[in-house]
Amino acid sequence: MRTSPELRRKLISVAVVSAALLTAAPAAVAVAQESAPRPAAVPAALTEAAPGAPAERLIVGYRSGAAEAKSNKAAAADAETKAEKTGEDVDFQRRLGTGAALVELGTNPTRTSVADVVAQYEADPQVAYVVPDRLNKPTAVTPNDTDYSKQWDLFESTAGMNVPAAWDTTTGSGVTVAVIDTGYVTHSDLAANIVGGYDFISDTAVSVDGNGRDSNPADPGDWYNANECGQGIPASGSSWHGTHVAGTIAAATNNGKGVAGIAYGAKISPVRVLGKCGGYDSDIIDAITWASGGTVSGVPANTNVAKVINMSLGGGGACSTATQSAITGAVNRGTSVVVAAGNENQNVSNSSPANCNNVISVAATNRAGSRASYSNYGSLVDISAPGGETRTSTANGILSTLNSGTKTPSSENYAYYQGTSMATPHVAGLAALMKSANSALTPAQIESAIKANARALPGTCSGGCGAGLADAAKTVQAVKGGTSTGTTFSSTSAVAVPDDGAAIESPISVTGRSGNAPSALQVGVDITHTYRGDLVIDLVAPDGSTYRLKSAASDSADDVKTTYTVNASSESANGTWKLRVQDTAAQDTGTLNSWKLTF
């Protein structure tokens, strides 16, 4: 079937906006060189220990003529002598291959006790050296991918996302990320991490692959002629957009070619919803549901359920109830939904699904760490990430996997793109790293940790860029091996929110805590309201201090069901906390259904 001009306009309204899609410029790849190793310092058992952590074991080297250098019995007797002189536990453990002796200092030694033992060994003329048995950790290895040096967005200190240091902890193994996009065109630098997906495009005029929905998410190309997608819209070649996004998340790494993926141990499930001129909400809604493990009529059950969904797509207007329902369902099933803020240089409140509840809305920054000129902004942005800006140099974009075909697939290649579409997979990749490091994390906890561990933008931002620039290493470290849930205090007493401007308050009594509240206090809010832009929401601390969670805005979407993160470290944890809600306009009413504090 052919689409009418009006239908084409509707389709293009939800098309992905990826400004200035540029091809990769050929350039010689500079191989990263590790700095030469520093000469070994003179051993000093105390100073060589990890900062703030006294050594628990010592390596003692005896002079060649000493009995302790060859006899374990003599070394053990010497340890006992040192114990008697210091009053500390000193036990010989074993002989090292170099002939040195390993001694243990007992449980939880203090720096003072270690210093006493070290002093005894250093004063012994038979001892050549005494050093701590330090605990080493894997170091961040520079990938050998030939174009890695061009991926400033991963490693540059100014505006990169500090990804390599996160690889010391995790590479995303065990996590599947669904890329809901244009599908996938075969690429050898990505193929090893691709698992089964689905083609959800039901309209053959959009799918251009000759059929409707099926289990093959291959991208046949999304090119179109001038005026084909609306009057005045110029022709465009195929974008291979989904493949570029997927490469940022999980391109094969340390394979001696191409680029490195942020969560290169993760798997990508390509879920096709965008074709010629864009894609329908209805297809996207089914894709969100299926990718997160929900049931879609006529579609086989998903055997590669995603714990992270990347949606580098969007259109104008408020978040629809239908789209919100699908997102809420995905989050309730334990899947984080990461969405591009949009490329219109406007308030994100006008861009869906980035303005929906329970999503991680991502703005784009340039190589200097400022908000990219095209990026949407506003109070609904959660976080910023590198999206690139190619006005001055193509190399300032985001390099990833692509295809050289202008219409249909041709040979694989790599290209620099810019857009919030490129920023979003950076955060989706981070979410995969986090989920791999701590599988018990909920979507709310993932969002909260990403925001709480962001760093201030090194550049400028007008209009609101969320919590700052995402920091992969800091965020992964914060959630690694920690408890996934804190202590939660909640109120489930419903309170009506009138439309007369009067503020309502709901209290929660917090007891049994010590000290102050955390710097990342989580405030979960569930409010039903038919025009959420009218609402002003504040958290009131026990001493009466207020923290603005939400201001009034031009936002016609329904309900506020989300989790805010508050730096409440200056507040006493115990006491009566209150949620204050005010409806600033007439006509619409609502209900505060429940809210909670998680310490």
Side-chain angles (χ1 to χ4, degrees), residues 140-141 143-148 150-151 153-155 161 163-164 166-167 169-198 217-219 240-272 291-292 302 304-312 335-338 340 360 362 385-386 398-403 412 414-415 417 421-437 439 446 450 470 472-473 475-476:
V141 177
N144 64 13
D145 304 77
T146 52
D147 286 343
Y148 175 72
K150 302 174 184 177
Q151 293 182 273
D153 46 306
L154 302 191
F155 61 80
M161 216 175 75
V163 174
W167 292 333
T169 301
T170 177
T171 62
S173 61
V175 178
T176 297
V177 181
V179 175
I180 297 180
D181 212 295
T182 64
Y184 164 66
V185 60
T186 301
H187 200 293
S188 63
D189 204 12
L190 188 54
N193 285 335
I194 298 294
V195 296
Y198 207 80
D219 185 350
W240 317 113
H241 189 273
T243 300
H244 195 281
V245 167
T248 297
I249 298 170
T253 302
N254 283 317
N255 62 341
K257 66 179 294 182
V259 296
I262 290 171
Y264 61 83
K267 300 300 183 184
I268 297 291
S269 174
V271 184
R272 187 169 181 248
S292 59
N302 185 3
N304 298 294
V305 174
K307 288 305 178 183
V308 182
I309 286 174
N310 186 103
M311 291 201 293
S312 291
T335 300
S336 295
V337 182
V338 188
I360 302 175
V362 185
I398 306 301
L399 184 66
S400 188
T401 47
L402 212 72
N403 191 277
E412 65 178 44
Y414 303 85
Y417 276 9
S421 284
M422 283 62 254
T424 304
H426 284 76
V427 176
L430 172 54
L433 292 176
M434 297 166 68
K435 191 69 175 177
S436 177
S439 62
I446 287 175
I450 289 173
T475 306
V476 168

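No experiment lies behind these values; they were computed from the predicted model shown. For this chain, numbers begin at 1 and follow the sequence in order. Computed from heavy atoms alone, side chains included, the values below leave out hydrogens, waters and symmetry copies.
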Visitor: Please check this pair: side chain of T253 against backbone of A260, looking for a donor-acceptor N/O pair closer than 3.5 Å.
Guide: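 Looks like no, no N/O pair under 3.5 Å.
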Visitor: Go through the steps for L402 and Y417 under the test side-chain contact (heavy atoms from CB on, under 4.5 Å), then give the verdict.
Guide: CA-CA 10 Å; L402 212 72; Y417 276 9; 3.3 Å; yes
Visitor: Taking the side chain from W167 and the backbone from I262, do they hold a donor-acceptor pair closer than 3.5 Å?
Guide: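 Between the backbone of I262 and the side chain of W167 there is a qualifying donor-acceptor contact (under 3.5 Å).
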Visitor: Could you give me the CA-CA distance, side-chain angles and deciding distance for T176 and V305, then say whether side-chain contact (heavy atoms from CB on, under 4.5 Å) is met?
Guide: CA-CA 7 Å; T176 297; V305 174; over 6 Å; no
Visitor: What side-chain donor-acceptor pairs closer than 3.5 Å can you find for residues 187-195, not counting sequence neighbours?
Guide:
unit_1 : atom_1 : unit_2 : atom_2 : d
H187   : ND1    : D189   : N      : 3.1
H187   : NE2    : N413   : O      : 2.8
S188   : OG     : K257   : NZ     : 2.5
S188   : OG     : E412   : OE1    : 3.2
S188   : OG     : E412   : OE2    : 2.6
D189   : OD1    : N255   : ND2    : 2.8
D189   : OD2    : V259   : N      : 3.0
D189   : OD2    : Y414   : OH     : 3.1
N193   : OD1    : K267   : NZ     : 3.3
N193   : ND2    : A250   : O      : 2.9
N193   : ND2    : Y264   : O      : 3.0

Visitor: Can you see which heavy atom on N302 is nearest to which on A291, and at what distance?
Guide: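 Of all heavy-atom pairs spanning N302 and A291, the closest is ND2-O, 3.4 Å.
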Visitor: A side-chain contact here means heavy atoms from C-beta on lying under 4.5 Å apart; do S421 and H241 qualify?
Guide: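 Yes; the side chains approach each other to less than 4.5 Å.
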Visitor: Please report the C-alpha distance between T475 and L430 in whole Å, then the side-chain angles of each, then the deciding distance to 0.1 Å, and finally whether the side-chain contact (heavy atoms from CB on, under 4.5 Å) criterion is met.
Guide: CA-CA 8 Å; T475 306; L430 172 54; 4.2 Å; yes
Visitor: Specify the closest pair of heavy atoms between G242 and D181, including all atoms of both residues, with the distance to one decimal.
Guide: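 Heavy-atom minimum between the residues: N-OD1, 3.2 Å.
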Visitor: Side chains of Y184 and D219, heavy atoms from C-beta outward: is any pair under 4.5 Å?
Guide: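 Side chain of Y184 against side chain of D219, heavy atoms only: no contact under 4.5 Å found.
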Visitor: Sequence neighbours left out, what pairs pass side chain to side chain donor-acceptor pair (under 3.5 Å) with at least one residue falling in residues 422-436?
Guide: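 Only D153-H426, T170-S436 qualify under side chain to side chain donor-acceptor pair (under 3.5 Å).
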Visitor: For N304 and S269, test the side chains for any donor-to-acceptor distance below 3.5 angstrom and give the result as yes or no.
Guide: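 N304 vs S269: no donor-acceptor pair found between side chains.
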Visitor: What are the two closest heavy atoms between V308 and A432, and how far apart are they?
Guide: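 Here V308 and A432 meet closest at CG2-N, 4.0 Å.
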Visitor: Indicate the atoms forming the closest heavy-atom contact of S400 with H244, along with that distance.
Guide: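 Closest heavy-atom pair between S400 and H244: OG-O, 2.7 Å.
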Visitor: With the side chain counted from C-beta on, respond yes when P164 and F155 share a heavy-atom pair under 4.5 Å apart, and no when they do not.
Guide: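 With C-beta onward as the side chain, the pair touches.
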Visitor: List the atom of P270, the atom of P217, and the distance in Å for their closest heavy-atom pair.
Guide: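 Answer, listing the atom of P270 first, then P217: O-CB, 3.4 Å.
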Visitor: On a heavy-atom basis, which atom in G429 and which in I249 lie closest, and how many Å separate them?
Guide: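 Looks like CA-CG2, 4.2 Å.
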Visitor: As a quick check of understanding, evaluate side-chain contact (heavy atoms from CB on, under 4.5 Å) for N403 and T243, giving each step before the final call.
Guide: CA-CA 8 Å; N403 191 277; T243 300; over 6 Å; no
